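The structure displayed is predicted, hence computed values, not measured ones.
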Amino acid sequence: MQNKIYIKTFLLPALGFLSCLTAVQAQDPLKKQTIEITSSFKPELKNAAKINFVAAPPVPDSSKPKFNYNIPVTSLSLVYQPLAVSPLALNIDSSGKWAASNFVKLGYGNLQTPFAQSGLSFNNGTNANLNILAHYISSKGKSPQYQEYTDAGASAYGSIVTAARQELYGKVSFGNNKYYLYGYDHTAYQFDKGDLLQRFLSFDANVGFRNTEPTEFGLKYHPDVKLSFFNDNHDGKEFNAVADLPLEKAIGDALSIKLGVNADYSQYSRSTAPSINNTIVTVPFALQFKNEAVNIHGGVIPSWDNSTFKLMPDLLADFKLGGEGLIVQLGWLMHYDKGSYRRFASINPYLAQPDQLLNTRVNETFGGIKGTFLERFFYNAKVGLVQFYNMPLFVNEYGVPGSVGFPSAGNKFSIRNEEKLNAFQMHGEIGVVQAEDFSLAGRFNWLLFNKQKTEPQPWGVTPREFSAALRWRILRDLWFKSDLFFFEGAKYLKNDGSVGTGRHPVDLNAGLEFRITKQFNLWLQANNVFNNKYQRWNQYDVYGFNMLGGITFNFSK
């Protein structure tokens, strides 16, 4: 009964709602459904605000712009010992034509000094050139007797650059140097002039090639071969051959590897003794790192001095603390100075024929600073320790008059080899360069010897040297040059066995050159202006004041 009541309660209202809904639909069964649009819509972007530029005309500027370039000045930095200067291959610049000059320079001086020098240059303006040079000078002093010398020579150098950017070059040269052994007591000894003659003849040939641009693998190479013959007028002969093959491989922009082989062979012979062979072989290896702040060269050099092995250091580092204005340099280097009759004669031409040839090994450890400032001034200062092994020292040969085999009156020098010589060294350079119009440079070198192992004194070695050079273009057609030299006299051995010290001279040279036409120049040179009397080598007085002058003819087009 209760369920029936619930059904009536919900069923009757539901039926009534359905009936009303049916009645509504039955009133308008055919009416269509429509959508009324009250407004149209079109999407679009909002207009952006534009920036209007109003160009103002530039302000006229009549001032000339000034460009400053920080170009470092290159100066000559010498090592502790003077070394032979070897000619390098000419680096031909293909971007411009090299204009060479052809000239003849003639003159004469008051010490019966004829002077002649000439140069000829030929080139095709692109990739080949040939240079020929010749010179002659001789002098004859008034006192002492036989104070004479002659220096003559000629050379020819040529090079060509191939289409593959390979430079081939070669050079031949000839030299004739004549001296007289006048350094003796002329009141106690009498010699014929022919017995005092000391003549040296030399002939050199050099050939090599190099790539002017690195290969596609970043490799640079420069093989070079040199042959030389040297002899005197006393049956002394020497042959020398040098083969050098340096290689450099670039690894990136800052790092490179350097490797090479150098073989130096010489044979020295005399009529009174067996021949002497002397060989040095080195295989340098190094890594070089270089960027705008540092330049580090680090390596070793395995070497064989006549089969004696020595591993030599090759370390050099430059640190730029203020650009080119301040560069700190550190180094530990070791190298050989070849022991040869020719090199000894270039140091002291009054020597006797050597009995042995020993190579000098030089060990250098140094630190210093260098740089340029104000674009024109340069400086270089170093201090360090240097050791010489088997260093040649020149000592006068003395004998007792009347004894059997009396060698000389001290006018010849024999070579004594110092086994080990230690020294503290100070070296400095400073100068100023103004293009080609003005240059002034000074150089100072001081060796403070503190220990010798074999000899009591460093015979013949100058402990202190100072030099200065001035080049000044006073007017457009007037040039002035001057050189100043000072050195402390070397120790020498006296006839009685005691030690002597040479004078400390000051030597000044000055010269003028004036252009009178486009092809003719007049020149004048004065040497030893102060007329100082001194001796570089014991018993050999230098020339006093002397002057020579002449004319220069330039026949270049």
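A distance of 12.0 Å separates CD1 in Ile551 from CZ in Phe514, rounded to the nearest 0.5 Å. Going from atom NE2 of His427 over to atom CZ of Phe444 covers 10.5 Å, rounded to the nearest 0.5 Å. The CG atom of Leu333 lies 10.0 Å from the CE atom of Met312; values are rounded to the nearest 0.5 Å. Rounding to the nearest 0.5 Å gives a distance of 8.5 Å between CG of Asn240 and CG of Leu227. In this structure, the separation between CD on Glu488 and CG on Leu447 is 10.5 Å, given to the nearest 0.5 Å. In this structure, the separation between CD on Gln353 and NE2 on His234 is 7.0 Å, given to the nearest 0.5 Å.
Counted within 6.0 Å of NZ on Lys481, heavy atoms from surrounding residues, nucleotides or ligands total 12 or fewer; the atom is thus considered open. Within 6.0 Å of CG in Asp253 there are 12 or fewer heavy atoms belonging to other residues, nucleotides or ligands. More than 12 heavy atoms of other shown residues, nucleotides or ligands fall within 6.0 angstrom of atom NZ in Lys105.
Between Asn277 and Tyr265, the side chains place a donor N or O and an acceptor N or O closer than 3.5 Å (distance only, hydrogens not considered). No side-chain N or O of Asn211 forms a donor-acceptor pair with one of Gln166 less than 3.5 Å apart. A side-chain N or O of Asn124 and one of Thr126 form a donor-acceptor pair less than 3.5 Å apart. A donor atom on one side chain and an acceptor atom on the other are not found under 3.5 Å apart for Asn231 and Glu238. No hydrogens or angles considered: nothing links the side chains of Gln329 and Lys382 as a donor-acceptor pair under 3.5 Å. A side-chain donor-acceptor contact under 3.5 Å links Asn129 and Ser159.
Of the candidates Leu326, Leu330, Ile327, Phe319 forms a side-chain contact (heavy atoms from CB on, under 4.5 Å) with just one, namely Leu330. Asn359 pairs with exactly one of Asp264, Asn278, Asp337 by the side-chain hydrogen bond (donor to acceptor under 3.5 Å, both in side chains) rule, that one being Asn278.
Within the 3.5 Å criterion, the main-chain N or O of Val294 finds a donor-acceptor partner in the side chain of Asn291. Listed for the Tyr268 side chain is a donor-acceptor partner under 3.5 Å among the backbone atoms of Pro354. At least one donor-acceptor pair closer than 3.5 Å links the side chain of Asn306 to the backbone N or O of Thr279. Listed for the Ser340 side chain is a donor-acceptor partner under 3.5 Å among the backbone atoms of Arg343. A donor-acceptor pair is defined here as one N or O able to donate and one able to accept, closer than 3.5 Å; no such pair exists between the side chain of Gln452 and the backbone of Thr454. Side-chain atoms of Asp244 do not come within 3.5 Å of backbone N or O of Asp224 as any donor-acceptor pair.
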Legend entry - Candidate pair Phe466 and Phe487, rule ring-ring contact (aromatic ring centres under 6.0 Å, His included), full reasoning: CA-CA 6 Å; Phe466 173 79; Phe487 63 88; over 10 Å; no
Inset, instruction - Apply the test side chain to side chain donor-acceptor pair (under 3.5 Å) to residues Lys258 and Gln288: give CA-CA distance (whole Å), side-chain angles for both, the deciding distance (0.1 Å), then the verdict. - result: CA-CA 8 Å; Lys258 295 184 177 182; Gln288 184 172 10; 2.7 Å; yes
Legend entry - Full working for side-chain contact (heavy atoms from CB on, under 4.5 Å) between Leu321 and Val328: CA-CA 7 Å; Leu321 302 183; Val328 177; 3.5 Å; yes
Legend entry - Step-by-step ring-ring contact (aromatic ring centres under 6.0 Å, His included) determination, Phe229 to Phe239: CA-CA 5 Å; Phe229 301 88; Phe239 166 74; 5.2 Å; yes
Inset, instruction - Dump the intermediate steps for side-chain contact (heavy atoms from CB on, under 4.5 Å) on Val386 and Val362, then the final yes or no. - result: CA-CA 7 Å; Val386 58; Val362 184; 3.9 Å; yes
Inset, instruction - Mind running side-chain contact (heavy atoms from CB on, under 4.5 Å) on Arg376 and Val433 for me, showing each step along the way? - result: CA-CA 5 Å; Arg376 298 181 180 90; Val433 177; 5.8 Å; no
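Considering every non-hydrogen atom in both Ala345 and Leu351, the closest pair reads CA-CD2, 3.7 Å. Contact detail for Ser256 and Glu248: the closest heavy-atom pair is OG-OE2, 3.6 Å. Residue Val432 comes nearest to Phe378 through the heavy atom pair N-CE2, 4.0 Å, listed as atom of the first residue, atom of the second, then distance. Shortest non-hydrogen contact noted between Ala490 and Gly460 is CB-C, 3.6 Å. The heavy-atom pair separating Trp479 from Arg476 by the smallest distance is CZ2-O, 3.9 Å. Closest non-hydrogen pair, Arg471 versus Ala469, comes out as NH1-CB, 4.1 Å.
Between His135 and Asp151 there is a side-chain heavy-atom pair separated by less than 4.5 Å. Between Leu316 and Trp332 the shortest side-chain heavy-atom distance does not fall below 4.5 Å. The closest side-chain heavy-atom distance from Asn348 to Arg536 is not below 4.5 Å. A 4.5 Å side-chain heavy-atom check between Phe230 and Tyr341 finds at least one atom pair inside the cut-off. With a 4.5 Å cut-off on side-chain heavy atoms, Phe555 and Leu120 count as touching. Proximity of Thr360 to Leu358: side-chain heavy atoms (C-beta onward) are nowhere separated by under 4.5 Å. Counting heavy atoms from C-beta on, the side chains of Val281 and Ser303 never come closer than 4.5 Å. Proximity of Asn295 to Phe289: side-chain heavy atoms (C-beta onward) are nowhere separated by under 4.5 Å.
Between His222 and Tyr169, a ring centre-to-centre spacing shorter than 6.0 Å is recorded. The ring of Tyr350 has its center no closer than 6.0 angstrom to the ring center of Phe413. Taking the six-membered ring wherever Trp is involved, the centroid distance between the rings of Phe309 and Trp304 falls below 6.0 Å. Proximity of the aromatic rings of Phe103 and Phe553 is defined here by a centroid distance below 6.0 angstrom, and this criterion is not met.
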Could you list the donor-acceptor pairs under 3.5 angstrom formed between side-chain atoms of residues 387-394 and any protein atom two or more places apart in sequence or on another chain?
residue: Gln387; atom: OE1; partner: Asn363; partner atom: ND2; Å: 3.3
residue: Gln387; atom: OE1; partner: Tyr389; partner atom: OH; Å: 3.1
residue: Gln387; atom: NE2; partner: Asn422; partner atom: OD1; Å: 3.4

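Taking 4.0 Å as the cut-off between side-chain N and carboxylate O, Asp204 and Arg342 count as a salt-bridged pair. With salt bridges taken as basic N to acidic carboxylate O contacts below 4.0 Å, one links Arg416 and Glu455. Salt bridge status for Asp318 with Lys370: present, with a side-chain N to carboxylate O gap under 4.0 Å. Note on Arg270 versus Asp232: no salt bridge recorded, every NZ/NE/NH1/NH2 to OD/OE distance being 4.0 Å or above.
Remark: Lys171 is not positioned above the aromatic ring of Tyr157, lacking an NZ or CZ atom under 6.0 angstrom from the ring centre and at most 45 degrees off the axis.
The aromatic rings of Phe373 and Tyr379 are tilted relative to each other, their planes meeting at an angle between 30° and 60°.
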